[in-house]
Amino acid sequence: MFDLINKSLILNSNFLVFENFTNTILNSLYKNLIRESRYLYIIDGLKNTLIITLFAMLIGLAFGLIFALIRTTYENIKSLKFLNAFCKLYITVIRGTPVVLQLMILFFCIFTQRGSNGLFVAILGFGINSTAYIAEIFRSGLMSIDKGQMEAGRSLGLNYIQTMWYIIIPQAFKVVLPPLCSEFIALIKETSVAGYVAVHDLTKSGEIIKSRTYDAWTPMLIVAFIYLSLTTVLSHFVQKLERRLKANER
Amino acid sequence: MSDNSLVQVKNLIKKFNDISVLNDISININKGDCLCIVGPSGGGKSTFLRCLNKLEDITSGQILIDGIDITNKATDINQVRKKIGMVFQHFNLFPHLTIRDNLILAPKVLLNENKNVLNDKAEKLLKRVGLFDKIDTYPNMLSGGQKQRVAIIRSLMMDPKIMLFDEPTSALDPEMVGEVLDVMKELANNGMTMVVVTHEMAFAKEVSNRVVFLDAGKIIYEASPNVFFSSNDNDRLKNFLSKVL
């Protein structure tokens, strides 16, 4: 695309430069998106990226909370020793190895039957991965609540689980909400490696279009623009949320 | 032991990693007693109080609350704690709940009582301590003294048989101490059994019927307030009193 622009800049007189420039852009957009309905690749890819992110996040939230509760329970009252050891090992291993590698192990070593659904493997893989990170977010949130809160609850006669449920978790939730949203935003971008396990995600769709049109610039920039829009809109909401949480505090 | 006895502590020893904090404490607390525990910091006063509702596990000895041995592993401590109110130095109100919900939460979960009944109870208690207008605000809207008054009636919501106070006025601005002590005084006058760890000697003198001097993990001296504050026969106590009075 830029080659064409260069050529047009050199070949044409000033009067024609602008017209040619717009024409070239429109042309490459047409070629990369409209011809043979190529925009459908992008839409499909975006859909898969969002599906993977959303479901992986849900898995991460559910198991992350459980893992964090196990870890804090061990730190608070020294029970659940073996579960705690397992969680610790899990978090160490998952956070200490690249997510692409984890996906590839899942896809090429574990789900080896033909017709294994790449999308399912990707959701599972990113779910397993974000569980480890979200567990640590939840744990730091739970541990950040003043010890007196637990003592106040227990001294009233509430048991450990009741105190956690009614007193500690609601307070911790407020603390972890902003980092959880950041984790979600990070996850959107991380899923761009899903192409490694034959998933047609947003990044992969750019690659597919490139291989059809032999034009790399246009599809890559389009894909980048879509990621950027998603993350900017989301971080805008996170900032708003943080401001509202702060306003409630004092 | 008499029928009147509510708390019996026998040979209580508490160690934190080999460091002895409470050293062979035995004491009987009767119904209606207002027992003040005074002494230098680090002497084990707070630890002793926290042992009474098992916020601290004891190393050896026996504690009976209303006849129930809380040092026995088979005892459900949560059942016993329902009967023991506790007020902390730093109030420990629940910041995410309104004052109303702070009061209602524990009885709603633990006692089979109708929500309207609990609501009425909460309103009545708030009126008693003059904070009814704060019922739907959050704890961060209250001053320290107001918070502590709410913390006291939060414990009262469970209809405890005994109230433990862990330096309830130590974190307060001086002008707010009085309002909290007034609530405690009213409680004591109504016959509530109370154990109060405090530095407020005036309160101990005026309200309590027994004063205990705890130092280096031991009960050094125990007497009625008149005798306690005029006693001359114990050097350590005399030394302590000369510093705080």
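Residue numbers begin at 1 in each chain, while the letters A, B, ... track the order of the sequences. Side chains included, hydrogens not; waters and symmetry mates left out as well; all remaining heavy atoms used. Everything numeric here is computed off the predicted structure, so don't read it as measured data.
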- line: chain A shares the most heavy-atom pairs under 4.5 Å, among B:Leu164, B:Ile77, B:Val109, with B:Val109

- request: List the steps, then state whether side-chain contact (heavy atoms from CB on, under 4.5 Å) holds for A:Ile167 with B:Leu105.
  value: CA-CA 9 Å; A:Ile167 296 166; B:Leu105 174 64; 3.8 Å; yes

query: Looking only at heavy atoms, which two atoms of A:Ala152 and B:Phe88 are closest? And how far apart?
result: CA-CE1, 3.7 Å

task: Give a yes or no on whether B:Phe16 atom CZ has more than 12 heavy-atom contacts from other residues, nucleotides or ligands under 6.0 Å away.
output: yes

field: Closest non-hydrogen atom pair, A:Gln149 against B:Leu93
entry: NE2-O, 2.8 Å

statement: Under 4.5 Å to a heavy atom of chain A? For B:Leu110 that would be side chain

message: Please check if the number of heavy atoms outside A:Lys78 that lie under 6.0 Å from its NZ is greater than 12.
response: yes

- request: Tell me, yes or no, whether the heavy-atom count around A:Tyr90 atom OH, taken from other residues, nucleotides or ligands under 6.0 Å, exceeds 12.
  value: yes

Which atom of B:His96 lies closest to which atom of A:Tyr166, heavy atoms considered: NE2-O, 3.0 Å

- request: Could you pull out the closest heavy-atom pair between B:Asn78 and A:Gly157, with the gap in Å?
  value: CB-O, 3.5 Å

query: Taking atom NE2 of B:His90 and atom CD of A:Glu151, what is their separation to the nearest 0.5 Å?
result: 11.0 Å

message: Taking CZ in A:Phe63 as the centre, count heavy atoms belonging to other residues, nucleotides or ligands within less than 6.0 Å. Is the count above 12?
response: no

message: Please identify, among B:Pro160, B:Gly85, B:Pro95, the residue contributing the most non-hydrogen atom pairs under 4.5 Å to chain A.
response: B:Pro95

message: Can you tell me if A:Tyr160 has over 12 outside heavy atoms packed within less than 6.0 Å of its OH?
response: yes

message: Take a 6.0 Å sphere around NZ of B:Lys83 and say whether it holds more than 12 heavy atoms from other residues, nucleotides or ligands.
response: yes

query: Checking heavy atoms, do the side chain of B:Phe94, its backbone, both or neither come under 4.5 Å from chain A?
result: both

- prompt: Okay, side chain of B:Asn92, backbone of A:Gly148: is any donor-acceptor separation there less than 3.5 Å?
  reply: yes

message: Would you say CD1 of A:Ile77 has more than 12 non-hydrogen atoms from neighbouring residues, nucleotides or ligands within 6.0 angstrom?
response: yes

task: Determine the minimum heavy-atom distance between B:Ala106 and A:Leu158, stating which atoms define it.
output: CA-CD2, 4.3 Å

- line: Rounding to 0.5 Å, atoms CG (B:Leu97) and CD (A:Gln171) come to a distance of 7.5 Å

- prompt: Using non-hydrogen atoms only, which part of B:Arg154 is less than 4.5 Å away from chain A: side chain, backbone, both, or neither?
  reply: both

- prompt: Counting only heavy atoms not in A:Tyr227, do more than 12 sit closer than 6.0 Å to its OH atom?
  reply: yes

